[in-house]
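Remember, it's 1-based here, ligands and their atoms both numbered in the order they're listed.
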Amino acid sequence: MEGKEQSTGGLHFVGKKDEMIEAKRSFRTLEGRDILIIYHQGGFYAMDSYCYHAGGMLQNGDIEEIDGKLCIICPNHKYKLSLAKGECIYKGTDPREKPPVPRWYSKGVKQRTHMVTETNGEVYVKLSEDTSWIESDYYQGEKGKVERAKA
Ligand code: FES
């Protein structure tokens, strides 16, 4: 097992709840995967810590509610990723509309999110078990890590 976190049944202890709340953003490496744990407006969220677009550090991104979804905004190129699902949200227009009205659209799930639970003042993360490829997986792999280091 990687790191010093304890693990039981796929649940990784990541910290005491009050400390995680105070930190707001916490970085952990679980099973070799770099994860960002966020506390925002009363809820915990966890996602891959490098932006799927070009490996930006999401840890420093602002959080805003966009189209009813809490999103972290990547500091690099301002991609907006929903905290709950890792969907990439963008504003676009439909050229068939006359006149075109800008609206929020989703590119689908691009950033892998993980499950956060709290028990007795302790916070646990269970890594996503979705076996399909999600684009943020790239920056968790060897090739992506090399590319990130060069950026
Ligand atoms: Fe995040 Fe480009 S690296 S928007």
task: Report the residue from K110, R112, K143 that forms a salt bridge (charged side-chain N to carboxylate O under 4.0 Å, His left out) with D137.
output: R112

- request: Using a strict cut-off of 4.0 Å, indicate which atoms of ligand 1 neighbour a heavy atom of A54.
  value: 3 (S)

- prompt: Looking at atom 1 (Fe) of ligand 1, is one of the N, O or S atoms of H53 less than 2.8 Å from it?
  reply: no

- request: Please work out whether the ring planes of Y52 and Y79 are parallel, tilted or perpendicular, with thresholds of 30° and 60°.
  value: tilted

Opening angle between SG in C74 and SG in C51, taken at atom 1 (Fe) of ligand 1, to 10 degrees: 110°

statement: All heavy atoms of K85 vs all of V109, minimum pair found to be O-CG1, 3.4 Å

message: Within the 4.0 Å heavy-atom shell around Y79, which atoms of ligand 1 are there?
response: 4 (S)

- prompt: Could D67 and K91 be called an ion pair, given the rule that one side-chain N must be under 4.0 Å from one carboxylate O?
  reply: no

Ligand-residue contact atoms, ligand 1 with G56, heavy atoms, under 4.0 Å: 3 (S)

field: Protein contact of atom 2 (Fe) of ligand 1 - nearest heavy atom, named by residue and atom, plus distance
entry: H77 ND1, 2.0 Å

Where S26 and M20 come nearest, the two heavy atoms and their spacing: OG-CE, 3.6 Å

